[in-house]
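In what follows, chains carry the letters A, B, and so on, assigned in the order in which the sequence lines appear, proteins first and then strands, with residues in each chain numbered from 1.
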There are 2 protein chains.
Amino acid sequence: MSTNWLVASTNRLVKLAGVVRDKEATKAKLLEAALDEFAEYGIAGARVDRIAAKAGCNKAMIYAYFGSKEGLFDQLLKIQIDHVVQSVPITPDDLPGYAGRLFDAYQEEPRLLRLAAYHRLENGFDTIPEPEAQAHRHKVEAIAQAQVEGKITAVFNATDLLDLVVHMSILAFSTPNASRDLVVRSVERLIAE
Amino acid sequence: MSTNWLVASTNRLVKLAGVVRDKEATKAKLLEAALDEFAEYGIAGARVDRIAAKAGCNKAMIYAYFGSKEGLFDQLLKIQIDHVVQSVPITPDDLPGYAGRLFDAYQEEPRLLRLAAYHRLENGFDTIPEPEAQAHRHKVEAIAQAQVEGKITAVFNATDLLDLVVHMSILAFSTPNASRDLVVRSVERLIAE
DNA sequence: CCGTACTAACTAACTGTTTGGTTGACAGAG
DNA sequence: CTCTGTCAACCAAACAGTTAGTTAGTACGG
């Protein structure tokens, strides 16, 4: 037909909108839908049919791109954790601020906290992805260094201190309406000399 | 037969041991099996067949005694929470000790922490049983009273303070190998003048 | 016209829940 | 003591619906 160029052009436009035949766009839609589903229902409670429906694509795509329901969850969690790890760098000489920024990240994306909690419950502590473990070691090292330099308290060892700060940042998990101010002030008192 | 009295006696003994035809014993076995199952797999992940098998009785008994899978979970959670609430009374003038004793309770029965976490994730904050809410209000009041009497710090209001202490006591949820000492020392520093 | 993103239809296994029937304990009559 | 009727505790099997995962074919883009 003489309208071939027009059709092609239309498809290209549509493709940019991520509606048809775009592998990466489809994966992205599946991941977004999976974030919704897994955060709400957990791994065992999530339903692949709902994820596909929410993403507006076929269920078989999940298996083509992620292998299995668990594969989808694992990749999703990795992406989300990488994102928060990179967007909230540790500031060893301002741990209250670090806790506050972690708190902010969880407020901005509450699904992440639920995702991580479900992962912990269903997979235990053993299954920590290596990049995350490495990031954790780096943070411990940074805190230890700040302690050596006398910038922050040494009443807690570096590992315990990081654990405490991170734990305070997830205060919203155990308490509704937990405020950022409460988290920050708590860490301030924990590290006060 | 002339051994009828013996048979009857045997049955009575067996009944005392809770092996046959003992409603309360069966309920208890189901609850214990349910604690195992729900703590490990969560509500959505738990399987009634596994619970019945673990309890050594038919799964129809679950529906006879608890109505449904969720009914079984609800009753189980209520019992467990009541137990910890009663066995660990609050000591407003010794909050570090209170946090430590809560920590001990969770160490002694780690399944409780998992049970409560799954409940929070799958039912949200709204679904707090009234007895628990009442116990919570009582604790806030006790802390407020201690603050009025000048026994403990007033840098946090009573509600926040209770939330912080409870949150510290579940440190083991976010950190493997969390120590009792770390929990106690953290609360000490939080309430230090 | 080829490769591949995509889909509808399918399956085999598993899910919570119910049902109909069985069994053991016990009270009262003989 | 023995027999028997009753009732609650119990179980095996079946139920209807749902599940994760598969497959064979379609159609689009290059």
Side-chain angles (χ1 to χ4, degrees), chain A residues 1 3-31 33-34 37-38 41-74 122, chain B residues 1-31 33-34 37-38 41-74 76 122:
Chain A
M1 305 293 178
T3 54
N4 263 352
W5 69 271
L6 216 173
V7 172
S9 166
T10 302
N11 281 334
R12 212 161 285 129
L13 284 173
V14 169
K15 189 176 180 179
L16 284 172
V19 179
V20 291
R21 301 240 156 202
D22 186 327
K23 189 172 175 175
E24 294 309 314
T26 299
K27 282 167 111 172
K29 284 195 295 182
L30 280 172
L31 284 168
E37 180 74 9
F38 283 122
Y41 300 104
I43 306 175
R47 298 292 170 248
V48 290
D49 293 88
R50 274 199 298 250
I51 294 174
K54 228 174 281 187
C57 60
N58 197 278
K59 177 168 67 150
M61 295 292 93
I62 291 172
Y63 297 92
Y65 296 146
F66 303 99
S68 67
K69 179 184 168 182
E70 301 247 330
L72 174 58
F73 179 87
D74 291 345
E122 304 197 16
Chain B
M1 306 295 177
S2 60
T3 52
N4 262 351
W5 70 271
L6 216 173
V7 171
S9 166
T10 303
N11 281 334
R12 215 161 283 132
L13 284 172
V14 169
K15 190 177 182 181
L16 284 173
V19 179
V20 290
R21 304 235 158 203
D22 186 327
K23 187 173 176 176
E24 293 310 314
T26 300
K27 280 167 116 173
K29 283 195 295 182
L30 279 172
L31 285 168
E37 180 75 9
F38 283 123
Y41 300 104
I43 307 174
R47 298 290 169 251
V48 289
D49 294 86
R50 273 199 300 249
I51 294 173
K54 227 174 282 186
C57 62
N58 196 276
K59 68 177 163 168
M61 295 293 94
I62 292 174
Y63 297 91
Y65 295 146
F66 303 99
S68 67
K69 180 184 170 184
E70 301 246 330
L72 175 57
F73 179 86
D74 291 344
L76 172 65
E122 304 196 17

* Asked: Partners of K59(A) by salt bridge (Lys or Arg N to Asp or Glu O under 4.0 Å), sequence neighbours excluded?
  ->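 K59(A) satisfies salt bridge (Lys or Arg N to Asp or Glu O under 4.0 Å) with D49(A) only.
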
* To do: Could you tell me which residues satisfy side-chain hydrogen bond (donor to acceptor under 3.5 Å, both in side chains) with R47(A), sequence neighbours excluded, listed by chain and number?
  => none

* Asked: With K54(A), which residues qualify under side-chain hydrogen bond (donor to acceptor under 3.5 Å, both in side chains), at least two apart?
  -> E37(A)

* Asked: So, D22(A) side chain and A25(A) main chain: donor-acceptor pair closer than 3.5 Å or not?
  ->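 Present.
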
Is there a side-chain contact between [X] and [Y] in this structure, where contact means two heavy atoms from C-beta onward sitting under 4.5 Å apart?
X      : Y       : answer
K69(B) : F38(B)  : yes
L72(B) : Y65(B)  : no
Y41(B) : E122(A) : no

* Structure fact -> Expected list for residues 64-73 of chain B near DNA chain D, using heavy atoms below 4.0 Å, is Y65(B)

Specify the separation, in whole Å, of atom [atom1] of [X] and atom [atom2] of [N].
X      : N       : atom1 : atom2 : answer
I62(A) : dG21(D) : CD1   : C1'   : 10 Å
L30(B) : dA9(D)  : CG    : P     : 13 Å
Y63(B) : dT17(C) : OH    : C1'   : 5 Å

* Asked: Quick one: NZ on K27(A) to CZ on F66(A), what's the gap to the nearest 0.5 Å?
  ->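 Output value for this atom pair is 6.0 Å.
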
Using atom names, set out every protein N or O paired with an N or O of nucleotides 8-11 of chain C below 3.5 Å, distance rounded to 0.1 Å.
unit_1	atom_1	unit_2	atom_2	d
dA8(C)	N7	N58(A)	ND2	3.1

* **Residues touching DNA chain C, which here means a heavy atom under 4.0 Å, drawn from residues 41-51 of chain B** => A46(B), R47(B), V48(B), D49(B)

